[in-house]
Number of protein chains: 2
Amino acid sequence: MSSRTDAPTRREQILGEAARLFAERGFHGVGVDEIGAAVGISGPGLYRHFAGKDAMLAELLVGISERLYRGGRRCLTESAEAGLAPAATLDALVERHIDFALDDRALITLHDRELDRLRDSDRKLVRQLQRQYVELWVGVVREVHPGLPEKEARASVHAVFGLLNSTPHLSRPSALPDRVTTAALLHRLARGAFAAAADGVDGTDGAEGADGAAL
Amino acid sequence: MSSRTDAPTRREQILGEAARLFAERGFHGVGVDEIGAAVGISGPGLYRHFAGKDAMLAELLVGISERLYRGGRRCLTESAEAGLAPAATLDALVERHIDFALDDRALITLHDRELDRLRDSDRKLVRQLQRQYVELWVGVVREVHPGLPEKEARASVHAVFGLLNSTPHLSRPSALPDRVTTAALLHRLARGAFAAAADGVDGTDGAEGADGAAL
DNA sequence: TTGCTCGGTTAGTGAGCGTTAACCTCGCCA
DNA sequence: TGGCGAGGTTAACGCTCACTAACCGAGCAA
């Protein structure tokens, strides 16, 4: 509950390092001693801040899931207030998701890799948030491409998530272009994919509504 | 080395169940007793067939990496022999990768999730095969879209892999359309993504060379 | 000062789990 | 018939590792 620009509290510091380590070597591959060492305290001192290792992972995954979902909802409401076209709303969703993927690589990695190390209740919660987030996208996609059947729209959304979340999986991020180039590229890829999903199935042919790219 | 249509040997049976279990609950989340139970023997009996749990994972990951790479190479040579255009070669690569992704979901999941549980030497080997596979694609993509810079081409390839490999991550595969619909959809998505990657950066605008889709 | 809480420490414990040891029993070949 | 290797079994070992116990020093309020 700390206000946003405070110096990072101990808890947040621990969560940050834990996220990094979990993403690098997997939840089971990291010991509590290492997490402690990463923030300058050692081992069981962590238990002053968290109930256990599981609790850290849970807080990370619930946190990122909530941030994604809330961010998505905000896109929709803001787009609605501004009276934007569906295609522009979809662009906003893509944009925001790319920001997450590039800024919080570790969390994105955890989000689709360590989900099933959670206690049942937490896993249910995370999955529900994921599902809501997906449905948010599906709704917009189907506004943009009315002819696309729901199942295909949903599969497309999952596929585009896989596309957008691909960069954190890179072993050596130096292989990527700089951030703005990468973001622009991912955006083009995602838009192109959605447009192609609808090809031959609706007449509106598409997603180049925003800023006339070539073609 | 058993010929393809033999009844599955014990080793293969074990590998199959191990792959399924590892994909479902993670390498560290599965005990040797469970793997044994899945094939009707119990616990340490596995050590008559494998040096250890690590060896199973290694064989799985090296195996799938080699199959992917060899399959990719075969696409290239066959396309060259048939005198196909680069765009058609890319289609063949996509097609084959989709087959892998849909038929060997468990292996695909392991392939980008459990890589770093391997011994150094095995991990090096797998990474090298992965890299070669990627470069195969990068070469073809750059033939199809000559203006696309190499780094962006490589990032696009990674992203499209993420896209194509997205279906195994689904918690409940029943949410997907039937196989041929899914395969066709994924193919359209991938082609659309590559085409969009090059938009505004080359003049050739394109991947609709194969079988004129709409638009 | 007294005393309490907050955030550390080190030592220890107990469970889980990969692996090994020792033993058994078929089927097969000489 | 005798032996032997392939493929099982159960029991046990030992290590790793999350977590707990017990203790401690600084700040700070009454």
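To find a chain, count down the sequence lines: A is the first, B the second, and so on, and within it residues start at 1.
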field: For atom CG of Leu46(B) and atom P of dT19(C), their distance in whole Å
entry: 10 Å

task: Look at Glu135(B) together with Arg131(B) and state whether they make a salt bridge at an N to O cut-off of under 4.0 Å.
output: no

- prompt: At under 4.0 Å between heavy atoms, what does Gly43(A) touch on the DNA or RNA strands: base, sugar-phosphate, or nothing?
  reply: nothing

- prompt: OP1 or OP2 of dC6(C) less than 4.0 angstrom from a side-chain nitrogen or oxygen of His49(A), does that happen here?
  reply: no

message: Strictly below 4.0 Å, N to O, side chains only: are Asp104(A) and Arg67(A) in salt-bridge contact?
response: yes

- prompt: How would you label the contact of Val39(B) with the nucleic acid (heavy atoms, under 4.0 Å): base, sugar-phosphate, or nothing?
  reply: nothing

statement: Here the distance between atom P of dG8(C) and atom CD of Gln13(A), to the nearest Å, is 9 Å

task: Considering non-hydrogen atoms only, spot the tightest contact between Ile108(B) and Phe100(B) and give its length.
output: CG1-O, 4.1 Å

statement: note: Leu57(A), atom CG; dA18(D), atom C1'; distance rounded to Å ~ 15 Å

field: Residue Arg48(B), side-chain heavy atoms: nucleotide from dT10(C), dA18(D), dG7(D) that is nearest
entry: dG7(D)

query: Expressed in angstrom and rounded to an integer, what is the separation of Lys53(B) atom NZ from dC15(D) atom P?
result: 19 Å

- prompt: Just how far, in rounded Å, is C1' of dA15(C) from NE2 of His28(B)?
  reply: 17 Å

task: Measure up the Phe161(A) and Tyr133(A) rings against each other and bin them: parallel (under 30°), tilted (30 to 60°), perpendicular (over 60°).
output: parallel

task: Round to the nearest Å and state the distance from Asp54(B) atom CG to dT20(C) atom P.
output: 11 Å

query: In whole Å, what is the span from the CZ atom of Arg11(B) to the P atom of dA6(D)?
result: 14 Å

query: Given dG8(C), dT19(C), dC19(D), which nucleotide is nearest the side-chain atoms of Ile41(A)?
result: dG8(C)

- request: When you get a sec, tell me which of dT20(C), dG7(D), dT9(C) is the closest nucleotide to the side chain of Tyr47(B)?
  value: dT20(C)

query: Could you give the CD-to-C1' distance, from Glu34(B) to dG16(C), as a whole number of Å?
result: 12 Å

query: What do the steps show when you test Asp33(B) against Ser42(B) for side chain to side chain contact (heavy atoms under 4.5 Å, CB included), and what is the final call?
result: CA-CA 6 Å; Asp33(B) 290 353; Ser42(B) 247; 6.0 Å; no

- request: Consider the side chain of Pro44(B), meaning its heavy atoms from C-beta on, and name the nucleotide among dG18(C), dT9(C), dT10(D) that approaches it most closely.
  value: dT10(D)

task: Look at all strands and tell whether Gly31(A) reaches a base, only sugar-phosphate, or nothing, counting heavy atoms closer than 4.0 Å.
output: sugar-phosphate

- prompt: Under 4.0 Å between a side-chain N or O of Arg10(A) and OP1 or OP2 of dC6(C)?
  reply: no

